[in-house]
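Computed from a predicted structure; not experimentally measured.
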Amino acid sequence: MDMVMKLGATSAVVIFTKSSCCISHSIETLIRSFGANPTIYELDTHPNGKQMEKALMELGCQPSVPAIFIGKELVGGANEIMSLNVRGKLKQLLIRANAIWV
């Protein structure tokens with residue numbers, strides 16, 4: 001779990017994903033549409049991917065991907081990101097995390 005939390009704090013936006021997950025791709029595209037450049041960890045190609053996936057599930061990510069960290073905090077999965085976007089709060093969160101500038 002410590003490894004996932006440390007990796008989640010390495011960049012303003014970190015997305016844990018799998019290369020075959022279309023929802024993860026959609027979330028990445030959404031975040032990039034604001035001008036952010038997220039760090040991506042693909043669990044199915046990462047050497048420690050299985051351990052990282054287990055840690056994400058222990059943190060409450062069900063399903064394990066996508067799991068999104070913004071500003072060093074675990075925001076959650078696709079549902080949380082989409083909800084923030086619909087309410088107009090995702091851009092504000094990205095600005096506060098210094099992931100984008102206005």
Side-chain angles (χ1 to χ4, degrees):
M1 199 177 316
D2 287 343
M3 176 175 50
V4 167
M5 296 303 286
K6 285 179 185 172
L7 289 174
T10 59
S11 180
V13 181
V14 177
I15 303 174
F16 292 91
T17 182
K18 290 186 178 177
S19 58
S20 61
C21 179
C22 61
I23 298 297
S24 294
H25 177 72
S26 297
I27 295 299
E28 179 183 345
T29 301
L30 172 65
I31 289 173
R32 286 185 188 279
S33 75
F34 287 100
N37 188 22
T39 300
I40 308 294
Y41 292 100
E42 290 187 346
L43 301 184
D44 54 344
T45 61
H46 195 281
N48 296 322
K50 295 268 188 222
Q51 294 90 344
M52 292 163 61
E53 185 172 12
K54 182 179 177 193
L56 287 167
M57 291 174 77
E58 289 174 5
L59 287 169
C61 296
Q62 297 290 337
S64 59
V65 294
I68 301 94
F69 284 76
I70 299 176
K72 303 180 183 182
E73 298 290 326
L74 176 62
V75 175
N79 289 343
E80 289 79 12
I81 293 298
M82 293 305 291
S83 176
L84 286 167
N85 188 49
V86 167
R87 294 180 299 160
K89 298 191 181 284
L90 180 56
K91 184 176 181 180
Q92 296 168 8
L93 190 58
L94 292 169
I95 291 169
R96 277 197 309 263
N98 290 320
I100 60 174
W101 298 269
V102 180

Mark yes or no for whether [X], through its side chain, and [Y], through its backbone, hold a donor-acceptor pair below 3.5 Å.
| X | Y | answer |
| --- | --- | --- |
| Thr29 | His25 | yes |
| Gln92 | Lys89 | no |
| Ser64 | Cys61 | no |
| Ser33 | Leu30 | yes |

If I compare all heavy atoms of [X] with all of [Y], which pair ends up nearest, and what's the gap?
| X | Y | result |
| --- | --- | --- |
| Met52 | Met3 | CG-CE, 3.5 Å |
| Ala78 | Ile68 | N-CD1, 4.3 Å |
| Ser20 | Asp44 | N-OD2, 4.1 Å |
| Ala12 | Ala97 | CB-O, 3.4 Å |
| Lys6 | Thr10 | O-CG2, 3.2 Å |
| Ala36 | Ile100 | N-CG2, 3.4 Å |

Next item on the list: Go through the structure and list residues passing ring-ring contact (aromatic ring centres under 6.0 Å, His included) with Phe16, not counting sequence neighbours.
Entry: Tyr41, Phe69

Notebook entry, point to check: Hey, mind stepping through Ile81 and Ile70 against side-chain contact (heavy atoms from CB on, under 4.5 Å) and telling me if it holds?
Noted result: CA-CA 10 Å; Ile81 293 298; Ile70 299 176; 4.0 Å; yes

Note to self: For residues Val14 and Met5: do they belong to one hydrophobic cluster (side chain heavy atoms under 4.5 Å, members Ile, Leu, Val, Met, Phe, Trp, Tyr)?
What the structure shows: yes

Notebook entry, point to check: Sequence neighbours excluded, which residues qualify as salt bridge (charged side-chain N to carboxylate O under 4.0 Å, His left out) partners of Arg32?
Noted result: Glu28

Interatomic spacing from [atom1] in [X] to [atom2] in [Y] - rounded to 0.5 Å:
| X | Y | atom1 | atom2 | value |
| --- | --- | --- | --- | --- |
| Thr17 | His46 | OG1 | NE2 | 13.0 Å |
| Ile31 | Lys91 | CD1 | NZ | 14.5 Å |
| Asn48 | Leu43 | CG | CG | 10.5 Å |

Notebook entry, point to check: Stepwise, does the side-chain contact (heavy atoms from CB on, under 4.5 Å) test hold for Trp101 with Leu94?
Noted result: CA-CA 9 Å; Trp101 298 269; Leu94 292 169; over 6 Å; no

Check: side-chain contact (heavy atoms from CB on, under 4.5 Å) between Thr39 and Ile15: does it pass, once the steps are laid out?
Finding: CA-CA 6 Å; Thr39 300; Ile15 303 174; over 6 Å; no

Check: Going by heavy atoms in the side chains, are Glu42 and Lys18 under 4.5 Å from each other?
Finding: no

